[in-house]
Each structure stands twice: as structure tokens, then as C-alpha cells.
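First up is the structure itself, then whatever we jot down about it.
In what follows, every heavy atom counts, from backbone to side chain, and hydrogens, waters and symmetry copies are set aside.
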Amino acid sequence: MQILIELYDEEQILNLISACALKPDRVIFLYTAAQNNLIHNALIERLVQTETEYVEYTYESLGSILEQFDGENVIVDVHGGDDLAVSMVSQMARSRGYTLCYPGMTTSQLYFLENEQVRTEKLDMPKLTVRQIVELYGGIVRDLPESYFDDYGRKAVDECLSEKRKNSTRWISFCKAMGSIGSHQKEYDVWKADEKFFHTYGDIVEHLEHIFDRTEDSGYLLKFHDPAYKILVTDTGVPFEYETYYQIADSGAFDDTDLRVNIDWNGGAFVAGDPNSELDVVASKDSRLISISCKAGKYDQQAIYEVKANADKFGGERSVPVLCVDIDMERPEYVEKARELNVLLIEYRQMREKKAAELILKWMETH
């Protein structure tokens with residue numbers, strides 16, 4: 001019988017990597033009294049499909065706990081727990097002839113120290129969804145009534161981006177005007193504008209053939225092809241978010257991809273006053289969270305700090321923070337700040353060449 005002994009970690013994703021990769025007969029999770037609220041995580045217990053036991057420990061009790069397994073085939077995972085516990089368990093395990101293991105999560109290698117010899121195996125990471133990773137870091141994803149567009153919808157997105165890129169200032173004004181029109185009739189699929197609006201923005205409306213269906217009524221009506229398309233013409237950044245999402249999803253290289261993900265920091269019900277974040281585009285690959293912020297217009301250094309903070313909060317040290325921009329800004333200090341914070345900055349030329357997925361995958365190889 002192979003027994004895996006695992007020091008429970010606040011970063012709960014560490015508690016399942018070795019268990020999923022090794023598939024032992026039994027897993028012993030060692031936890032402290034302070035971690036009592038973390039154990040019995042439903043996702044971990046679902047993914048670790050073997051006999052599991054939780055044993056509370058103190059520094060003083062570690063030795064007596066470990067000696068219970070003498071004579072068994074024991075592997076001790078030292079990738080978790082605080083530094084002192086790791087040091088103590090490592091020393092005790094080696095003195096008893098146990099095997100030590102360490103998942104190299106950035107090298108995709110599982111390292112073993114056995115009889116003073118190091119050997120490696122390929123580390124097969126579990127394919128976690130965006131929601132699963134977020135929940136392992138203490139958040140919860142709110143289910144938004146989001147529409148994922150078909151080919152027709154993609155053309156709608158392309159039309160919006162095309163108009164925005166022709167004249168960004170005018171597009172912003174158009175979106176504000178649309179928002180004003182919809183402020184008192186947003187529940188309807190047909191909005192009534194006025195002659196002044198059509199005089200100012202009629203050419204834009206004409207170019208959005210996949211947003212608006214034509215109407216024979218001459219009363220300045222705007223009939224949406226789909227109610228979900230309203231957000232494309234009232235929020236200036238949303239079309240670029242969809243474009244970024246399509247680039248990631250179409251690559252087929254990621255385990256999961258999601259759009260406009262709203263996360264409650266407390267991992268509970270969304271209530272007023274709760275800290276929360278909306279991540280524009282989120283993906284996962286090999287249990288790593290890729291958190292992407294999309295900026296369709298001007299941005300500043302704060303945007304770089306924000307995407308880094310959100311990625312770390314909901315994906316830990318292995319998260320991939322990405323800032324995608326759709327504006328030509330010659331700000332070398334922003335490029336340097338992104339490099340300093342280990343944020344992948346994908347600039348507008350690369351986005352228009354549809355290189356987002358390629359650049360993210362390349363970045364992940366070295367970070």
C-alpha cells in the first residue's frame with residue numbers, strides 16, 4: 001500500500017497536485033488547528049479519488065504521527081505547510097527511510113528523493129476549470145447572464161471594433177449616447193432615438209448591420225437583433241473583451257476559458273459591501289489561472305498593478321497576469337513596469353495580428 005503524507009497548505013491547490021499525480025492508495029493530510037476551517041474542501045475531496053484521512057498536528061506531535069507509518073511504502077510531499085513544519089517533516093521522513101517528493105509546478109516534473117538519490121517523473125497536472133481554481137483560492141464565481149456569441153455575433157463584435165478603430169473618440173461618444181437612450185428603455189428590444197441622434201450617428205448605425213435589424217418604421221427606432229448585443233454598444237470596452245476571449249478560446253490550447261468573470265472575495269453569497277472583482281477574460285491551463293485585463297482605450301500603471309493583484313489573489317504565484325491593450329501608446333515606462341511586475345503586456349499591434357494565445361503560451365514556458 002502506498003501512503004502519501006501531505007502537509008495541508010493555505011494555498012489549497014497544493015493539496016491535490018501530488019495526490020492527483022501519484023494516485024496513492026491512501027492520503028494523509030496533516031493540518032494545524034488554525035487550518036480547521038480549510039480542510040474537507042469539497043473540490044479537493046472530489047478530485048482526490050482515494051481513501052483520505054485528516055490528522056491535526058503540532059510541531060511537538062509530528063514525530064509520533066509519522067512513526068505510525070513505519071514499515072509502509074510512504075511518500076511525504078514537502079510542497080506545502082509552513083517552513084518549519086516542512087523542515088521538521090523532511091528531516092524525520094529521511095531518518096525513517098521515507099521517500100520525499102516535490103512537485104515542480106513550473107517545470108512539470110515530480111521530484112523524488114529516495115536513499116539520497118534524486119529521480120524525476122513527468123508531472124501530470126489536473127485540468128482544472130477557471131471556477132475550480134478560483135474556489136481553491138477562496139473566491140466564488142458569480143453566474144452572470146452572459147451570451148456567448150455564434151458566428152453572427154462575432155460579426156457584430158467585428159463591426160463594433162471596426163467603428164471604434166476608425167475613430168475612438170467618436171465611438172466613445174456614440175456609446176454614451178446609446179447608454180443615455182437606453183437608460184429609460186433598457187428592458188425593451190427596440191429603443192426609440194430622435195432625429196438629432198440619427199443625424200449625428202446614423203452612419204455608425206448603418207455600419208452595425210449585425211447589431212441592429214432594419215425596421216420599416218420611420219420613427220427613429222433601433223431594433224436589436226439580440227438583447228445581449230445592447231452591451232456591445234453601451235460599454236466601450238466590451239467588444240474588445242469579446243475579441244480577446246475569441247482569440248483565447250479559438251486557439252484550443254487552454255483547458256477552460258470564460259468571459260467577464262465576477263468573483264466574490266469571501267467565497268460566499270454576493271452581498272452589498274463584499275469585496276469583489278470582475279476579470280475581463282480568464283482561462284486555465286495545467287491548473288494555472290490566466291487572468292486577462294482588456295483595455296480598449298488609454299490605460300495607466302494602475303491597470304498593471306490591478307491585473308497583477310487579481311491574478312495573485314485568485315491564482316497564486318503560478319497565475320499568469322496579462323494586460324491586453326487596443327491603443328497605440330508610446331509609454332516605455334509602462335512596458336518596464338509590466339516587466340518588473342511579471343505582467344505580460346500584449347500591445348495593440350499584436351492583438352490585431354491575433355497573437356494573444358500564442359504569446360501567453362510562450363510566456364508560460366518561462367514563467
Could you tell me whether Y334 and Y299 have their ring centroids closer than 6.0 angstrom? yes
Ring pair (Phe, Tyr, Trp, His ring centres under 6.0 Å) filter on H207, not counting sequence neighbours, yields none
**Q.** K337 and E340 ion-paired at < 4.0 Å
**A.** yes
Checklist entry - Which class fits the ring pair W363 and H367: parallel under 30°, tilted 30 to 60°, perpendicular over 60°? => result parallel
So does D203 pair up with K166, basic N to acidic O under 4.0 Å?
no
Could you check, using the six-membered ring where one of them is a Trp, whether F29 and Y54 have ring centers closer than 6.0 angstrom?
yes
Item to complete: Before giving the answer on salt bridge (Lys or Arg N to Asp or Glu O under 4.0 Å), spell out for E336 and R339 the whole-Å C-alpha distance, their side-chain angles and the decisive distance to 0.1 Å.
Response: CA-CA 5 Å; E336 181 57 34; R339 184 180 297 113; 2.8 Å; yes
Problem set entry | D250 bridged to R154 by N-O distance under 4.0 Å | yes
Heavy-atom nearest pair, L110 first then P103, reads CD1-CA, 3.7 Å
query: Hey, are D286 and K127 close enough for a salt bridge, meaning a charged N less than 4.0 Å from a carboxylate O?
result: yes
Across all chains, not counting sequence neighbours, the side chain to side chain donor-acceptor pair (under 3.5 Å) partners of R318 are none
TODO: For residues F224 and F212, establish whether the separation of their ring centroids is below 6.0 Å.
DONE: yes
Correct closest heavy-atom pair for D124 and A21 would be O-CB, 4.2 Å
Quick one about Y8 and N41 (side-chain donor to acceptor, distance below 3.5 Å, no hydrogens or angles considered), yes or no?
no
Heavy-atom closest pair (Q132 atom, R46 atom, distance to 0.1 Å) is NE2-NH2, 4.0 Å
Closer than 4.0 angstrom, basic N to acidic O: yes or no for E347 and K295? no
Closest heavy-atom pair, T244 versus C324, reported as atoms and distance to 0.1 Å, is CG2-SG, 4.1 Å
- Item | Salt bridge flag under 4.0 Å for residues R170 and E163 | no
Heavy-atom nearest pair, Y137 first then I13, reads OH-CG2, 3.3 Å
The side chain to side chain donor-acceptor pair (under 3.5 Å) partners of E135 (sequence neighbours excluded) come to none
Minimal heavy-atom distance between L14 and D77, with the atoms involved, is O-OD2, 4.3 Å
